[in-house]
Amino acid sequence: MPTLFSQPDSSLNSFASRLLDWFAENGRHDLPWQQHQTDTPNPYIVWLSEVMLQQTQVTTVLPYFARFMESFPTVQDLAAAEWDLVAEHWAGLGYYARARNLHKGAKQLVEVIDETGEFPQTLAGWEAISGVGPSTAGAIMAMGLHHYGVICDGNVKRVLTRWAAIDGDITKSATTKDLWALAERLTPTENSGLFAQAMMDMGATLCTRSKPACLLCPLKEDCLAHAQGRETDYPVKAKKQPKPSKFSDALLIESADSEILWLQRPDNGIWGGLWSLPLQFIEKIDVKTSSKATGKTDAKKPASDDKPTNIPSDVRSHEKVYETEFTTAEQIINEWLTKNKLAAQSVSKSLLDDAPIKHSLTHFHWYLTPQKLTVDAAQILELNEKLAAAEIDFKWLTEQTAQDSLGLPRAMEKIIELLQ
DNA sequence: GTCCGGGACG
DNA sequence: CGTCCCGGAC
């Protein structure tokens with residue numbers, strides 16, 4: 001029977017003990033969510049930390065984790081909390097769907113506990129919790145319950161593609177399947193939690209993306225990438241598309257007593273569930289068709305026609321495309337501004353002409369220009385009525401109060417910082 | 001400045 | 001398979 005793996009059985013069989021020996025001697029054992037030194041691990045701690053660590057580095061997570069544990073020491077506390085409080089705790093960590101799923105997941109977990117008296121005890125039970133996928137579920141099984149569990153996250157994939165010289169694109173499902181099979185083959189039935197922690201620690205501290213410390217690695221003897229001096233050729237990944245640029249005005253609609261209008265964003269889409277200034281989309285420019293996609297001058301130029309060609313040209317109007325960039329609340333505000341012939345003043349123009357705030361998201365760059373607009377009491381009343389009628393969540397708060405009490409994305413923090 | 005990594009979900 | 005965010009590496 002041919003082996004599924006590029007490594008011989010002897011290497012596959014000794015992998016775990018070499019890694020565990022290294023971890024015992026040189027690994028990190030002082031992270032606040034580590035549960036391997038206790039006989040009675042706390043699944044809540046592991047679940048919370050794993051969700052936070054899903055796409056964020058340890059050093060970034062540390063202060064957020066501490067604050068969550070202080071405010072929500074148990075899953076019941078988290079489940080009972082108001083969403084806005086959870087959002088405020090998560091603000092700045094990014095990928096806000098994680099926070100919404102975490103909050104939803106806490107409620108689901110409390111339901112399970114109320115029914116069974118304990119946290120889910122199976123892989124399927126954990127995967128049924130919002131925000132918990134295969135790798136997080138495996139991590140919780142292994143480290144949060146000390147049951148058997150396998151992980152195959154980014155760290156593991158980097159270690160394994162190097163060690164076994166796996167040339168497949170790791171974004172493809174076939175390669176993912178191979179990597180999971182290899183991770184399962186290597187994970188020991190006893191101590192799978194220690195093994196999972198060791199793999200993640202090794203990936204994070206030794207087998208790093210750019211300058212792996214191969215001399216210190218317990219797997220260097222049979223690492224196939226190391227043998228060829230090709231460590232940094234792995235993992236193989238398809239090249240990314242260049243990001244298009246988008247431009248928006250961020251409206252500071254201000255009352256006489258310096259209170260500003262803030263809107264809660266819809267759950268789906270960018271910054272879902274967090275609070276933001278009203279944004280007015282200006283233009284978008286595809287970097288592939290524009291040599292310079294930076295600066296205000298370019299923002300005023302018409303965007304290239306990158307819309308699908310199967311749509312009739314009369315429907316492919318400029319207007320149509322850019323209205324889709326507004327939330328409902330922003331459309332209401334935009335219509336109201338137009339009706340009242342109110343024009344915003346660029347705050348940053350004199351101060352910072354060609355450097356409005358730049359914020360990079362997953363698949364586009366966003367250039368934000370703060371625009372100030374003062375409204376009187378009657379106008380505020382009218383605007384409030386329109387927003388309330390559409391069941392929009394909004395608040396009038398000073399910049400300082402907003403910063404202290406709302407979950408704001410980093411881009412909003414940048415704007416406030418700029419104005420101070 | 002630009003590039004890059006990263007897990008889950010619809 | 002596209003969408004979601006930010007910080008750290010370079």
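Letters A, B, ... mirror the listed sequences (proteins, then strands); counts begin at 1.
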Check your understanding: Do A:Asp201 and A:Gln197 have side-chain N/O donor and acceptor atoms under 3.5 Å apart?
Key -> no
Could you tell me whether [X] contacts a base, only the sugar-phosphate backbone, or nothing, with contacts defined as non-hydrogen atoms closer than 4.0 Å?
| X | answer |
| --- | --- |
| A:Ser360 | base |
| A:Ser130 | sugar-phosphate |
| A:Ile270 | sugar-phosphate |
| A:Arg98 | nothing |
| A:Asn101 | sugar-phosphate |
| A:Ser135 | sugar-phosphate |
| A:Val51 | nothing |

Point to revise | ring-ring contact (aromatic ring centres under 6.0 Å, His included) assessment of A:Phe119 paired with A:Trp47 | key: CA-CA 11 Å; A:Phe119 280 92; A:Trp47 167 67; 7.9 Å; no
Measure from [atom1] on [X] to [atom2] on [N] and round the result to the nearest Å.
| X | N | atom1 | atom2 | value |
| --- | --- | --- | --- | --- |
| A:Tyr95 | B:dC4 | OH | P | 15 Å |
| A:Trp366 | C:dC4 | CH2 | P | 10 Å |
| A:Tyr96 | C:dC4 | OH | C1' | 11 Å |
| A:Phe364 | B:dT2 | CZ | C1' | 17 Å |
| A:Asp267 | B:dC9 | CG | C1' | 14 Å |

Counting side-chain heavy atoms from C-beta on, which of [options] comes nearest to [X]?
| X | options | result |
| --- | --- | --- |
| A:His363 | C:dC6, C:dC4, C:dC10 | C:dC4 |
| A:Gln54 | C:dG7, B:dA8, C:dC5 | B:dA8 |
| A:Ser210 | C:dC10, B:dG7, C:dG8 | C:dC10 |
| A:Gln55 | B:dG6, C:dG8, C:dC5 | B:dG6 |
| A:Thr59 | B:dG6, C:dG8, C:dC4 | C:dG8 |
| A:Thr362 | C:dC4, C:dC6, B:dG6 | C:dC4 |
| A:Leu361 | C:dC5, B:dA8, B:dG6 | C:dC5 |

Practice item. On DNA chain C, check which nucleotide each of A:Thr171 and A:Ala411 is closest to and give me the residue with the more 5' one. Key: A:Thr171
Review point. For B:dT2, does OP1 or OP2 lie under 4.0 Å from any side-chain N or O of A:Lys358?
Key: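 For B:dT2, OP1 or OP2 has a side-chain N or O of A:Lys358 closer than 4.0 Å.
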Run the salt-bridge test on [X] and [Y] with the 4.0 Å N-O cut-off and return the result as yes or no.
| X | Y | value |
| --- | --- | --- |
| A:Arg265 | A:Glu330 | yes |
| A:Glu88 | A:Arg67 | yes |
| A:Lys104 | A:Asp267 | no |
| A:Lys172 | A:Asp178 | no |

